[in-house]
Number of protein chains: 2
Amino acid sequence: MQISKKTQYGLRAMVYLAKNFKRNKVFPLREISKSEDIPFDFLEKIILELEKSDLVKAKKGPNGGYFLACSPRKITAGDIVGALEKTKPVNCLICGRMGKCSAKSVWNKLEQSLKDALDSINLSELTK
Amino acid sequence: MQISKKTQYGLRAMVYLAKNFKRNKVFPLREISKSEDIPFDFLEKIILELEKSDLVKAKKGPNGGYFLACSPRKITAGDIVGALEKTKPVNCLICGRMGKCSAKSVWNKLEQSLKDALDSINLSELTK
DNA sequence: ATAAAACAGACTATATTAGTCGGTTATATC
DNA sequence: GATATAACCGACTAATATAGTCTGTTTTAT
């Protein structure tokens, strides 16, 4: 029940992009890495996943960098965590094998409130 | 963000004890292990942790076994998960180092709703 | 041309998880 | 009081996941 460093870094990077968000402005990874004190090589992998989930876009070449794919208001913590982390608390094999599992309702409820909590927060709120 | 097998096994073992709960009745681990299809040696370690958290008690020797430390109604999923799993989603080092962390409020909210969800379920409900 | 930046895949080191094994201690029953 | 049963305990191992590194290729503004 721990959030990985990957996800923590990813969320912080996204908040950085949201805080400095401005139309047509891009942010090279080096800047985010330094400013947020995240290992550059690792962040590169993370931002790539975020890009594949359509949360950020990139501009290549000199003066290139990354930027949010849409307004901070429209991106939720749930979007970001969902892109970087397994969000189902369990893969209950028992449920499949035996048709029912005494613990299933617990994990279902947990998954739902986890989702609700994260979906209720958007990036714009986190910039304040 | 995954619940460990240890916790899944632990919860199922506890539900087993709750389902068959009867005053002065004890359940040898072998029985729980077979019935719930949980590796015996592993379950032994798990139940020991549950005992140290005062969720179950033991009776040693022949005809011995484990039993719930109190009524199923009084034991929550939160008690069980809390005994077996790290329940804080992050140990945000940044928060300590920089005084503030842009992501902190997300993890706090997550932790709270995780706790709320699990605390709202008791063992007695899970026996139905 | 060249330099800055994104993109990509393979690799390594560390930590965590899941489980095993070999024993010791307590106690009901014969 | 011997014995068998079941809890208790600590050290060990195997597998997997996490966290990061390294070496390069591609794109593009200047």
Side-chain angles (χ1 to χ4, degrees), chain A residues 1-13 17 24-34 36-69 81 84-91 93-94, chain B residues 1-13 17 24-34 36-69 81 84-91 93-94:
Chain A
M1 254 303 103
Q2 294 269 99
I3 293 284
S4 64
K5 286 246 186 294
K6 183 170 80 167
T7 299
Q8 294 178 47
Y9 290 158
L11 179 58
R12 271 164 52 210
L17 289 178
N24 293 328
K25 190 148 191 250
V26 305
F27 304 87
L29 218 53
R30 206 110 237 163
E31 175 187 330
I32 307 175
S33 161
K34 280 211 179 96
E36 287 291 327
D37 196 21
I38 299 169
F40 177 80
D41 289 324
F42 197 17
L43 183 56
E44 220 171 17
K45 284 181 47 169
I46 295 166
I47 202 93
L48 236 45
E49 291 189 49
L50 291 169
E51 195 188 7
K52 274 170 187 153
S53 301
D54 298 314
L55 296 174
V56 299
K57 286 183 175 160
K59 179 167 173 274
K60 284 179 119 181
N63 305 320
Y66 291 94
F67 55 101
L68 295 182
V81 174
L84 299 172
E85 191 99 7
K86 276 177 206 160
T87 183
K88 272 192 171 224
V90 301
N91 288 357
L93 299 171
I94 299 295
Chain B
M1 248 311 95
Q2 294 270 98
I3 292 285
S4 64
K5 284 246 186 293
K6 183 170 80 168
T7 300
Q8 294 179 46
Y9 291 158
L11 179 58
R12 271 165 51 210
L17 289 177
N24 292 327
K25 188 145 192 251
V26 304
F27 303 87
L29 218 53
R30 208 108 237 166
E31 175 187 330
I32 306 175
S33 160
K34 281 213 179 94
E36 287 292 325
D37 196 22
I38 299 169
F40 177 80
D41 289 325
F42 196 18
L43 183 56
E44 217 170 19
K45 284 182 49 171
I46 296 167
I47 203 94
L48 237 44
E49 290 189 49
L50 292 170
E51 195 187 8
K52 274 169 187 150
S53 300
D54 297 313
L55 296 176
V56 299
K57 287 181 174 161
K59 180 167 173 275
K60 285 179 119 183
N63 305 320
Y66 290 94
F67 55 102
L68 294 182
V81 174
L84 298 172
E85 192 99 6
K86 278 179 206 158
T87 182
K88 270 189 172 230
V90 301
N91 289 357
L93 299 170
I94 300 292

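In what follows, chains are A, B, ... by sequence order, proteins preceding strands, each numbered from 1.
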To the nearest angstrom, how far is [X] atom [atom1] from [N] atom [atom2]?
| X | N | atom1 | atom2 | result |
| --- | --- | --- | --- | --- |
| B:Ile3 | C:dT17 | CD1 | P | 11 Å |
| A:Ile46 | C:dA8 | CD1 | C1' | 16 Å |
| B:Lys57 | C:dT27 | NZ | C1' | 19 Å |
| A:Ile47 | C:dA6 | CD1 | C1' | 11 Å |
| B:Gln8 | C:dG19 | CD | P | 10 Å |
| B:Asn91 | C:dT16 | CG | P | 10 Å |
| A:Leu48 | C:dG9 | CG | P | 9 Å |
| A:Leu17 | C:dA6 | CG | C1' | 14 Å |

Under 4.0 Å, heavy atoms only, any strand: does [X] hit a base, just the sugar-phosphate, or nothing?
| X | result |
| --- | --- |
| A:Gly61 | base |
| A:Lys52 | sugar-phosphate |
| A:Leu29 | sugar-phosphate |

Below 4.5 Å, heavy atoms only, C-beta onward: do [X] and [Y] meet side chain to side chain?
| X | Y | value |
| --- | --- | --- |
| B:Leu48 | B:Tyr66 | yes |
| A:Asn63 | A:Val26 | no |
| A:Met1 | B:Met1 | yes |

B:Tyr9 or A:Glu51: which one's nearest nucleotide on DNA chain C is closer to the 5' end?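 Its nearest nucleotide being more 5', the pick is A:Glu51.
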
Among A:Val81, A:Ile3, A:Ile46, side-chain contact (heavy atoms from CB on, under 4.5 Å) partner for A:Gln8: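 So, applying the side-chain contact (heavy atoms from CB on, under 4.5 Å) to A:Gln8 and each of A:Val81, A:Ile3, A:Ile46, only A:Ile3 qualifies.
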
Looking at CG of B:Leu68 and CZ of B:Phe27, how far apart are the two atoms once the value is rounded to the nearest 0.5 Å?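 One finds 8.0 Å between CG of B:Leu68 and CZ of B:Phe27.
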
Roughly how far, to the nearest 0.5 Å, is CZ of B:Phe40 from CZ of B:Arg30?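 One gets 4.0 Å once the value is rounded to the nearest 0.5 Å.
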
Every protein N/O within reach of nucleotides 20-25 of chain C N/O, cut-off under 3.5 Å:
none

Closest non-hydrogen atom pair between B:Lys25 and B:Phe67, with its separation: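 In terms of heavy atoms, the two residues are closest at O-CB, 3.5 Å.
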
Which pair of heavy atoms, one from B:Gln2 and one from A:Val90, lies closest together, and at what distance?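 Scanning both residues completely, I find the closest heavy atoms to be OE1-N, 4.4 Å.
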
Need two values: the first and the last nucleotide of DNA chain D, 5' to 3', having an atom under 4.0 Å from any heavy-atom of chain A.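 Contacts span D:dA19 to D:dT30, reading 5' to 3'.
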
Residue-phosphate contact under 4.0 Å: B:Ser4 side-chain N/O, C:dT16 OP1/OP2: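 No, no such contact exists.
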
Hey, is the main chain of B:Ile38 close enough, under 3.5 Å, to the side chain of B:Ser33 for a donor-acceptor pair?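 Side chain of B:Ser33 to backbone of B:Ile38: a pair is present.
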
